[in-house]
> 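Below you'll find the structure I mean.
When a residue number appears, it is its place in the shown sequence, counting from 1. Model, not experiment: these values are computed from the prediction.
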Amino acid sequence: MDSASSHDERLALLAGSELIEAFIIDVNGVPRGKWLQRDKAAALLSAGIAIPRSAYLLDIWGRDIFEGGIAFDTGDPDGVCVAVPHSVTRMQWAEGQAAQALLTMREADGSLFYADPRGVLTRVLERYAAKGLTPALGVELEFYLVDPNRAGGQRIAPRGADESFWRGWQTDTMGLWEIHEYEPILRDLLRAASAQDIALDTLISENGPGQFEVTLRYGPDALRIADDAVLFKRAVKQIARQHGLCATFMAKPFGNWSGSGMHVHMSMLDRAGANVFSGDAVRASDMLYHALGGLVAAMPDTMLVLAPHANSFRRFAPGTHAPVFGDWGHDNRLSAIRVINADPRAARLEHRVAGADCNPYLAFAAMLGAMLDGIETGADPGPETVGDRTGAAAPKLPIAWSAATDAFAASPRAAAIFGAKFQGIFAACKRQEIAEFRTRVSDVEYDAYLKNA
């Protein structure tokens, strides 16, 4: 299909809809936007529509960031957003004829708006293109389906769970029975993904009750894969709502059960499409290890975009599959980065730190930016980890929210990858959220300290 016919078909889809849901993805990965009438269809695909610039910089509750430098320092001006063409599809979960359009913001001169996470990733990819390199990615994304309408002391629980923490709480890793138990929801989800041309490879039940994992197909278009990840998250939430459930990508929705991660497999292609990480079954190419060295060096400084929320840090603990060191190992799932080179043609890195709650654009930018830095500097990853025996040279990750925020805010590496202006606003967003959490006293604190302290 040529671009002209594609444009005409998208325009017809938008113009034939009863409403259009147009949205950006903010720094926290949250869709924010508006409903439009069909007469805005042509503008979405050409001149664009006005969206406040500050919509990108809201905290997780949707409040303006006071130290962000946009809403209060500049008069909160509008920017112009245009639709990402492939995102223009029907919303299968909506009533009537409704269409969606993911938006991206550009400046008047056509340059990318610095606070748009999609633009952040685009700028990193432009660095690769200038060197004749193309990163290829595949993503494993975990989520829970939970019942949000619980009575008694449980805020959420798996569907059909009882108060004894037995029925409905069992785990059935890679069990087909669990998939069949949720089959109507999962089938609707797969249909919605297919209608949006989101390429999924697999769906499995995971290690928590009501937890599932999907694999987004490996490919050489990192920006499209990031788009697919955010559109998938949006779709599964809406499909679950139709079935009376809540789909959550919280990193740790249940304290005693498995967390949800976003594992990213990465390789790199040259101009001819050859994998430059390929070596042999014993050792991959030097370029892979230089890229790995960049990832290891940058991991403490970029932890905040891999684990951006208070709940994110509940995943990280020794002896789990969520690492606390920036280490690596050959085919070692207990390390932060797994080197996979059993098939030399498919040599790649698996980054295992990010939570499912991250913003995929920012997480990909952090990983890919660090890899390219490692290649450019010839970085050494240090000794590998065997099993859970982490080497002394591996950097300790900041597994406290404020420590990760401070590391990101002060990091020249983060400034180089994300841009100093984005670095400042993202740190400001997280500090405002941290300040809010400090005013909230939990029930556990009352139980522990109200009488005994």
> Scan for side chain to side chain donor-acceptor pair (under 3.5 Å) pairs involving residues 284-297, sequence neighbours excluded, and state none if there are none.
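Only Tyr289-His330 qualify under side chain to side chain donor-acceptor pair (under 3.5 Å).
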> Between Gly208 and Ser258, what is the shortest heavy-atom contact and its length?
N-CB, 4.3 Å
> Salt bridge or not between Arg106 and Asp116? Use side-chain N to carboxylate O under 4.0 Å.
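Here Arg106 does not pair with Asp116 in a salt bridge, since their nearest N and O are not under 4.0 Å apart.
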> If you measure from CG on Leu306 to NE2 on His351, what distance do you get to the nearest 0.5 Å?
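Here the interatomic distance stands at 5.5 Å.
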> Does Asn341 use its side chain to pair, donor to acceptor, with the backbone of Ala347 at less than 3.5 Å?
no
> Nearest 0.5 Å, what's the OG1-CD1 distance between Thr215 and Ile204?
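The OG1 atom of Thr215 sits 7.0 Å away from the CD1 atom of Ile204.
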> Would the number of heavy atoms belonging to other residues, nucleotides or ligands and lying under 6.0 Å from CZ of Arg187 be above 12?
no
> Keeping the roles fixed (side chain from Asn275, backbone from Arg345), state whether a donor-acceptor pair exists under 3.5 Å.
yes
> Measuring only between side-chain heavy atoms, which start at C-beta, is Met303 closer than 4.5 Å to Val353?
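Yes, close enough: below the 4.5 Å cut-off.
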> As an exercise, state the distance from CG of Leu137 to CE of Met268, rounded to the nearest 0.5 Å.
10.0 Å
> So, the side chain of Arg348 versus the backbone of Ala346: is there a donor-acceptor pair under 3.5 Å, distance only?
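Yes, Arg348 side chain to Ala346 backbone: donor-acceptor pair under 3.5 Å.
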> Would Glu433 and Lys430 pass as an ion pair if we require N to O under 4.0 Å?
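Yes.
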> Test side-chain contact (heavy atoms from CB on, under 4.5 Å) on Val146 and Cys246 and set out the steps.
CA-CA 5 Å; Val146 301; Cys246 172; 3.9 Å; yes
> Taking Leu190's backbone N and O only, do any of them form a donor-acceptor pair with Ser194's side chain (distance below 3.5 Å, no angle check)?
no
> Among Phe113, Phe426, Phe422, Phe23, find the one that has a ring-ring contact (aromatic ring centres under 6.0 Å, His included) with Tyr56.
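With Tyr56 as partner, Phe113, Phe426, Phe422, Phe23 yield a single ring-ring contact (aromatic ring centres under 6.0 Å, His included), made by Phe113.
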> Hey, does the side chain of Lys233 reach the backbone of Ala356 with a donor-acceptor pair shorter than 3.5 angstrom?
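Yes.
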> How close do Val88 and Ala83 get, counting heavy atoms only, and between which atoms?
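Minimum heavy-atom contact is CG2-CB, 4.2 Å.
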> Check for a donor-acceptor pair, side chain of Ser312 on one end and backbone N or O of His309 on the other, with a separation under 3.5 Å.
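Answer holds: yes.
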> Is any side-chain heavy atom of Gln423 closer than 4.5 Å to one of Leu304?
no
> Is Lys131 paired with Asp270 through a side-chain N to carboxylate O contact shorter than 4.0 Å?
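Answer for the salt bridge query: no.
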> Please tell me whether Tyr182 and Ser205 have a donor and an acceptor in their side chains that are separated by less than 3.5 angstrom.
no
> Which pair of heavy atoms, one from Ala298 and one from Ala370, lies closest together, and at what distance?
CB-CB, 3.6 Å
> I'd like to know if the side chain of Gln196 reaches the main chain of Ser87, judged simply by a donor and an acceptor atom lying under 3.5 Å from each other, with no hydrogens or angles considered.
no
> Does Gln37, at its CD atom, have more than 12 non-hydrogen atoms belonging to other residues, nucleotides or ligands within less than 6.0 Å?
no
> Passes side-chain contact (heavy atoms from CB on, under 4.5 Å), Asp59 versus Glu436? Steps please.
CA-CA 10 Å; Asp59 70 15; Glu436 180 64 34; over 6 Å; no
> Do Trp93 and Lys237 come close enough that some side-chain heavy atom pair is under 4.5 Å?
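Trp93 vs Lys237: side chains apart.
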> Only counting residues at least two apart or in another chain, list the ones meeting ring-ring contact (aromatic ring centres under 6.0 Å, His included) with Phe249.
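Partners of Phe249 under the ring-ring contact (aromatic ring centres under 6.0 Å, His included) test: Phe143.
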> Looking at side-chain heavy atoms only, is the closest gap between Val305 and Cys358 below 4.5 Å?
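In short, these two side chains do not touch, never coming nearer than 4.5 Å.
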> What distance do Leu372 atom CG and Leu125 atom CG have between them, rounded to the nearest 0.5 Å?
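These two atoms lie 10.0 Å from each other.
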> Do NZ/NE/NH1/NH2 and the carboxylate oxygens of Asp331 and Arg338 come within less than 4.0 Å?
yes
> Between Arg10 and Pro85, is any pair of side-chain heavy atoms under 4.5 Å apart?
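Answer yes - side chains close enough.
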> Tell me, do Trp328 and Leu349 make a side-chain contact under 4.5 Å, heavy atoms counted?
no
> Less than 4.5 Å apart, side chain to side chain, heavy atoms only: is that true for Phe364 and Leu223?
no
> Between Tyr144 and Phe254 (side chain of the first, backbone of the second, donor and acceptor by atom type, cut-off under 3.5 Å), is there such a pair?
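Side chain of Tyr144 to backbone of Phe254, a donor-acceptor pair under 3.5 Å: no, none is there.
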> On a heavy-atom basis, which atom in Ala297 and which in Pro300 lie closest, and how many Å separate them?
O-CD, 3.7 Å
> Spell out, as yes or no, whether a donor-acceptor pair under 3.5 Å connects the side chain of Asp64 to the backbone of Ser54.
no
> Between Leu44 and Ile20, which heavy-atom pair has the shortest distance, and what is it?
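Of all heavy-atom pairs spanning Leu44 and Ile20, the closest is CD1-CG2, 3.8 Å.
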> Would you say that more than 12 heavy atoms from the other residues, nucleotides or ligands in this model lie under 6.0 Å from the NZ of Lys40, or not?
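At most 12 heavy atoms, drawn from other residues, nucleotides or ligands, come within 6.0 Å of this atom.
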> Met371 and Val124: side-chain contact (heavy atoms from CB on, under 4.5 Å), yes or no, with the steps?
CA-CA 11 Å; Met371 284 173 54; Val124 172; over 6 Å; no
> With ring-ring contact (aromatic ring centres under 6.0 Å, His included) as the criterion, how do Phe437 and Trp401 come out once you've worked through the C-alpha distance, each side chain's angles and the decisive distance to 0.1 Å?
CA-CA 11 Å; Phe437 271 86; Trp401 196 17; 5.4 Å; yes
> What's the separation between atom CE in Met105 and atom CG in Leu112, rounded to the nearest 0.5 Å?
11.5 Å
> Ignoring hydrogens and angles, tell me if any N or O in the side chain of Arg90 forms a donor-acceptor pair with the backbone of Ser17 under 3.5 Å.
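Absent.
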> Show your working on side-chain contact (heavy atoms from CB on, under 4.5 Å) between Tyr218 and Asp201 and close with a plain yes or no.
CA-CA 9 Å; Tyr218 206 93; Asp201 266 347; 5.5 Å; no
> Quickly, which of Glu206, Glu142, Gln211 forms a side chain to side chain donor-acceptor pair (under 3.5 Å) with Ser260? Name it, please.
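Among Glu206, Glu142, Gln211, the one that satisfies the side chain to side chain donor-acceptor pair (under 3.5 Å) with Ser260 is Gln211.
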> Can you see which heavy atom on Leu14 is nearest to which on Gln100, and at what distance?
CD2-O, 4.5 Å
> With rounding to the nearest 0.5 Å, note down the distance linking CD1 in Ile340 to OG in Ser267.
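Taking CD1 in Ile340 and OG in Ser267, the distance rounds to 10.5 Å.
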> Find out whether Leu200 and Leu216 are in side-chain contact, i.e. whether some heavy atom of one side chain is under 4.5 Å from a heavy atom of the other.
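Contact flag for Leu200/Leu216 side chains = yes.
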> Evaluate side-chain hydrogen bond (donor to acceptor under 3.5 Å, both in side chains) for Glu140 paired with His265, printing each intermediate quantity in order.
CA-CA 8 Å; Glu140 300 165 359; His265 292 248; 3.0 Å; yes
> Determine, for Arg224 against Asp227, whether the closest basic-nitrogen to carboxylate-oxygen distance falls under 4.0 angstrom.
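Between Asp227 and Arg224 there is no salt bridge, as every charged N stays at least 4.0 Å from the carboxylate O atoms.
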> Among Val30, Asp357, Asp26, exactly one meets side-chain contact (heavy atoms from CB on, under 4.5 Å) together with Ile60. Which residue is that?
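Of the listed residues Val30, Asp357, Asp26, the side-chain contact (heavy atoms from CB on, under 4.5 Å) partner of Ile60 is Val30.
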